[in-house]
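Positions are given from 1, in the same order as the sequence printed here.
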Amino acid sequence: MARVAGVSTSTVSRAFARPGRVSYATAEKIRAVAQELGYRAVSVRRPMAQGRNRRGTIALVVADISNPAYFEMIRGAEEEAAASGYTMLLAHTRESGVIERQALERSMDIVDGIVLSSSRMSDAAIRDMAKQKPTVVMNRGVKGVASVVTDNARGVHEVVKHLASLGHREISYLAGPEASWADSSRWQAAKRAAVEYSLRISKVQSEFPTMDGGARTAEQIATGRSSAILAYNDQLALGLMRKLKATGYRVPTDFSVVGFDNSSGAALIEPGLSTVAAPLHALGATAVRNLLAISNGAISTRGEAVVLPTRLVLRASTAPYGQRESR
């Protein structure tokens, strides 16, 4: 603006912050340039604890915005925030705890509170964050910090029970990010359920929690002994199914596959993906609702996470155990 108007940057600053110290002609010229360039002055207030001086902004941090499972969570959080007069600032951290911390440090002074979804930071870092700003964690339980999670244990138990009822005796858990609390929770639940139903279970580590990551595990799955696979999320399951089909295997004849989240793509693939449905919209809305309550003075229990129910949605990707064709 200073370059286009032919003035110094300090003159531009005074024209907006202290217009009385700039001549009328100069101020009008700067305003005309501002309009031409689409510039709009935004007032950023210093942090205030609560009350009428609140900033009216909430930060929502997500690990992977390309994952459809986040769409409904974001929608639920945004709608709840808007209903209470707040604007939501969205940060995408690309599954990196370092990027996550940097994003939070940049936004700390302009938000009233923080919702962390599937955080990749350490528990200690999250607790430190919660000391500075009201904080709620989604998809992860952190001692000392308000949390909202889905019932991973029940969802996984229902999957293993279903696969056992179909006659499968060996299953694989297709794992997500090693830094993921939800992944650890689901793996532990799968091992407990496997013991309960006398199944053998193994863990297959994916490189990324994406469709491409699932596809890259297809060869290991195909040459293994398991006849059924429970994936950490739908994206891994969908990628695995596509790759198995491309290499001549059939789902569910050769392999039964189950995902987690019931995201939008689960019902679109052929065959449809059986999956654990998580209340994604409610997850986002509940997290924001609790965050606003805490920022307005409510006392967080901070002992036990709020647990939202899950349910098993059966489609055509699972079937009774049969003899896999030799290849």
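Among residue pairs with one or both ends in residues 160-173, those qualifying as salt bridge (Lys or Arg N to Asp or Glu O under 4.0 Å) are Glu170-Arg200, Glu170-Arg225; sequence neighbours excluded. Residues in residues 82-107 take part in these salt bridge (Lys or Arg N to Asp or Glu O under 4.0 Å) pairs, two or more places apart or across chains: Glu95-Arg120, Arg101-Glu105, Arg101-Asp128. Counting only residues at least two apart or on different chains, no ring pair (Phe, Tyr, Trp, His ring centres under 6.0 Å) pair has a member in residues 90-129. The list of ring pair (Phe, Tyr, Trp, His ring centres under 6.0 Å) pairs with a residue in residues 196-223, not counting sequence neighbours, reads His157-Tyr197. Judged as a salt bridge (Lys or Arg N to Asp or Glu O under 4.0 Å), not a single pair has a partner in residues 175-195 (not counting sequence neighbours). Note on residues 230-246: no pairs pass salt bridge (Lys or Arg N to Asp or Glu O under 4.0 Å), not counting sequence neighbours.
Every residue meeting the side-chain contact (heavy atoms from CB on, under 4.5 Å) condition with Ala81, not counting sequence neighbours, appears here in chain and number order: Ile58, Tyr86, Val288. Among residues two or more places apart in sequence or in another chain, the side-chain hydrogen bond (donor to acceptor under 3.5 Å, both in side chains) test is passed with Asp64 by Ser66. For Ser118, the side-chain hydrogen bond (donor to acceptor under 3.5 Å, both in side chains) partners are Tyr70, Asn139, not counting sequence neighbours. Thr286 is linked by a side-chain hydrogen bond (donor to acceptor under 3.5 Å, both in side chains) to nothing, counting only residues two or more places apart in sequence or in another chain. Partners of Arg75 under the salt bridge (Lys or Arg N to Asp or Glu O under 4.0 Å) rule, at least two apart in sequence or in another chain, are Glu72, Glu79. Applying the side-chain hydrogen bond (donor to acceptor under 3.5 Å, both in side chains) criterion to Arg216, with sequence neighbours excluded, gives Glu207, Asp212.
Proximity of the aromatic rings of Phe260 and Tyr232 is defined here by a centroid distance below 6.0 angstrom, and this criterion is not met.
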(message) Quick one, Leu89 with Val111, criterion side-chain contact (heavy atoms from CB on, under 4.5 Å). Give me CA distance, side-chain angles, the key distance, then yes/no.
(response) CA-CA 8 Å; Leu89 174 68; Val111 299; 4.2 Å; yes
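In this structure, Ser202 and Ser172 have side chains that are in contact, with non-hydrogen atoms separated by less than 4.5 Å.
Between Lys133 and Asp112 there is no salt bridge, since no side-chain N of the basic residue sits under 4.0 Å from a carboxylate O of the acidic one.
In this structure, NE2 in His162 is found 4.5 Å from CG in Leu314, a value given to the nearest 0.5 Å.
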